[in-house]
Amino acid sequence: MATLKDDERLREKRAFYDSFRLLQDENDEVPDRGLQASRTALRGKKTAEQVSVAPTASATPTTGKRKRDGRSAVLPLDQQIFRGLHFYFFPNNDKNPAQRMRITKAIDYGALWVKDFDNTVTHILVDRLMDYAMLIKFLNIKTLPSSLVLVTEKWQSDCIAWKALLEPAQEHFKVSGAPTTSEKAVEAIVHAQAPTLATESDKSLELKPAAHKGGEKSDSPNASTKAILQQMADYYGQVGDEWRVRAYRKAIATLRNLNHKVSTKEEALALPNVGDLDSACAEPRDQVLQTFMQIYGVGFVQASQWVREGYTTIDELDKKAKLTPNQGIGIDHYEDFLIRKPRTEVEQHGAIVRKTLQSVNKDFVVTIGGSFRRGAATSGDIDCIVTHPHRDIKYISSTMVDKLVPHLTKSGFLTAALAVTSKDDGTKWHGASCLPGSKIWRRIDFMLVPPEQLGAAMIAFTDNDIFNRSLRLLASNKGMRLNQRGLYKGVMRGKGREKLSDGELVEGRDEKEIFEVLGVTWRPPEHRAV
DNA sequence: CGGCGGTACTG
DNA sequence: CAGTAC
DNA sequence: GCCG
């Protein structure tokens, strides 16, 4: 039943997406400073004023929150993903509006528009209605130089959506009738790293948790393959197919644990969760939908409805849409909640909570979980796992609700409550916090855990979701059940995985013990992510 | 082909 | 209950 | 997308 509904939604969504796209093609002019010779030709007149456009703050253009005149998407140099590339379009004129839009955009993003085909062309972008044979005939040549990149126009729009040069040799960018590049699967995909922009000021994006100390081989032999898989996962995330995202992430997880390079298709197929690595194609998910769904308290259903009602910016939602209190907060602090924060700041938030709690009772223990505990350099939110070695959940939660939260709210540290513990047996509190002197709100969560459940809670609130799912699934397949309270055995399940009986508690207190009972070799928190 | 973690809070 | 978050 |  869920599937049926989903299909329905998907179709619905596509329709809206399409109409939105059309709208965009007409309206979405992007003046910018990236002046290229060809632009003058393209736009004819207005040149002078374009020359001197200063780069402005480059917040998130999609939100349209700060600026009313959504027009001015100034593209700083580092956003010009096509810089240095020479595009030849087929058809190569700007007669029809859509095509003109494409060309304009390409230029806005740094490409040079080559009007007469020559050997400086690096990319040929073919209209959806054209095919390889027509192109060859038009250019009056036998074959194209292999160094040339031949892609459909979709490549361009996807690159823009992604803010990156995407691998052109993917099935969904293939021009109809074009000679196929023989390789497939792992091989084909492996050499396919997106070319990096040769920028002058190349600030290195440090992504590594930098945890490696000992003799561990720091870079995995399958790094490039994983990068591709990650790209595929991201793509499907964009496209809205969460199941495929999960599948790809599972494949990455498998590769992560290998210490030799997988280089043949056979080898890949033999691995669990890793398959042919074929790529399929779907329409990218509506950017507006995507933006709306990043609002706290807004999911697919609400976002779709707003899109259907014609909303296109968060600003409009803020002014006109009917919002729940949480969504209001989500919108007011849209940027705040999306920004990842460095470990040092996460630690400061945790320290405040810990200190306050311990001033009530010095034995309280506050552990920061989530990606922080996994060693990540930055975190999206702050997960505080709150426990007490010899008091029960009731004491813990009442202390939180009656003392800590009011106190920290009064002090100005806690700035919003988004989901609070309901009864006395409540176990979680979600809200926002703000360091003294700062104006940026952070998402902070408290997980209230009695000592006998600490191990299970640590697993649940530290490991990333894929790792969690696999552990729970593993438990399920062994006739057990894993949740944030413990590991249970003798669980009866009906059709599907429907739980018929709760089973009996095996272990909850000790993290390692849970791993052991499940037959999973222990790994420290840093190694429980995908 | 159908299934894809398991739970707690909001409205 | 559906929707959302973790 | 992979698994049973």
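Lettering of chains follows the sequences in order, A, B, ..., and the numbering in each one begins at 1. Basis for what follows: all heavy atoms, side chains included, without hydrogens, waters or symmetry-related copies.
Listed candidates were B:dG5, D:dG1, B:dT7. Nearest to the side chain of A:Leu473 is B:dG5. The listed nucleotides are B:dT7, C:dC6, B:dT10; the one nearest the side chain of A:Asp381 is C:dC6. Side-chain proximity of A:Gln484 to the nucleotides B:dC9, C:dC6, B:dA8 is greatest for B:dA8. Here the side chain of A:Val301 is nearest to one of D:dC2, C:dT4, B:dT7, namely C:dT4. Here B:dT7 is the nucleotide among C:dA5, B:dG5, B:dT7 with the atom lying nearest to any side-chain atom of A:Lys499. Taking the side chain of A:Asn468 as heavy atoms from C-beta on, and the options C:dC6, B:dT7, B:dG5, the nearest nucleotide is B:dG5. Between B:dC9, C:dC6, B:dG6, one nucleotide has an atom nearer to the side chain of A:Asn483 than all others, and that is B:dG6. For A:Asp445, whose side chain is taken as the heavy atoms from C-beta onward, the closest listed nucleotide among B:dT10, C:dC6, B:dG5 is C:dC6. Nearest to the side chain of A:Ala247, among D:dG1, B:dT7, B:dG5, sits D:dG1.
For the pair A:Thr324 and B:dT10, the criterion of a side-chain N or O lying under 4.0 Å from OP1 or OP2 is not met. Between A:Arg485 and the phosphate of B:dA8, there is a side-chain N or O to OP1/OP2 separation shorter than 4.0 Å. Of the side-chain N and O atoms in A:Asn326, none sit less than 4.0 angstrom from OP1 or OP2 of B:dT10. The side chain of A:Arg246 contributes no N or O atom lying less than 4.0 Å from OP1 or OP2 of B:dG3. Look at A:Arg481 and you'll find a side-chain N or O under 4.0 angstrom from OP1 or OP2 of B:dT7. Side-chain nitrogen and oxygen atoms of A:Tyr236 include at least one within less than 4.0 Å of the OP1 or OP2 phosphate oxygen of D:dG1. Contact annotation: A:Arg472 side-chain N/O to B:dG5 OP1/OP2 distance is not under 4.0 Å.
Here the C1' atom of nucleotide C:dT4 and the CG atom of A:Leu323 are 15 Å apart, to the nearest Å. In this structure, NZ of A:Lys428 is placed 8 Å from P of C:dC6, rounded to the nearest angstrom. Atom pair A:Leu487:CG and B:dT7:P shows a separation of 12 Å (rounding to whole Å applied). With rounding to whole Å, A:Glu242 atom CD is found 15 Å from C:dC6 atom P. Across the protein-nucleic acid pair, A:Trp429 atom CH2 and C:dC6 atom P stand 13 Å apart, rounded to whole Å. The interatomic distance linking A:Lys250 (NZ) with B:dG5 (C1') rounds to 11 Å, in whole Å. Rounded to a whole Å, the CD1 atom of A:Ile514 is 15 Å from the P atom of B:dG6. Rounded to whole angstrom, the span from the CE atom of A:Met293 across to the C1' atom of C:dA5 amounts to 12 Å.
Across all strands shown, A:Val420 has heavy atoms under 4.0 Å from sugar-phosphate atoms exclusively, and none from any base. Contacts of A:Leu271 with the nucleic acid, taken as non-hydrogen atoms under 4.0 Å apart, involve only primed sugar atoms and P, OP1 or OP2. If you check every strand for non-hydrogen atoms under 4.0 Å, A:Ile459 touches nothing. In this structure, A:Thr427 reaches the sugar-phosphate backbone alone: every heavy-atom distance under 4.0 Å involves primed, P, OP1 or OP2 atoms, never a base. Residue contacts shown for A:Asp383 are limited to sugar-phosphate atoms, with no base heavy atom under 4.0 Å away. A:Leu482 comes within contact range of the sugar-phosphate backbone alone, with a heavy-atom separation under 4.0 Å but no base atom that close. When heavy atoms are screened at a 4.0 angstrom cut-off, A:Phe461 is found touching no nucleic acid atom at all.
The ring pair (Phe, Tyr, Trp, His ring centres under 6.0 Å) check on A:Tyr488 picks up nothing, with sequence neighbours excluded.
The cationic atom of A:Arg442 (NZ for Lys, CZ for Arg) does not lie both less than 6.0 Å from the six-membered ring centre of A:Phe337 and within 45° of the ring axis. Cation-pi geometry between A:Arg528 and A:Trp522 is met: the NZ or CZ atom falls under 6.0 Å from the ring centre, inside 45° of the normal.
For the atom pair NZ (A:Lys322) and CD (A:Glu309), the distance works out to 10.5 Å, reported to the nearest 0.5 Å.
Side-chain rings of A:Phe446 and A:His430 stay apart, their centers remaining 6.0 Å or farther from each other.
Atom name P, nucleotides B:dG5 and D:dC3: the rounded distance is 15 Å, in whole Å. For the P atoms, the distance from C:dC6 to B:dC4 is 22 Å, rounded to whole Å.
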Exercise. Hey, mind stepping through A:Ser397 and A:Thr421 against side chain to side chain donor-acceptor pair (under 3.5 Å) and telling me if it holds?
Worked result: CA-CA 8 Å; A:Ser397 74; A:Thr421 75; 5.6 Å; no

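Listed by first and then second residue, the ring-ring contact (aromatic ring centres under 6.0 Å, His included) pairs involving residues 373-394 of chain A are A:Phe364-A:His388, A:His388-A:His390, A:His388-A:Tyr395 (not counting sequence neighbours).
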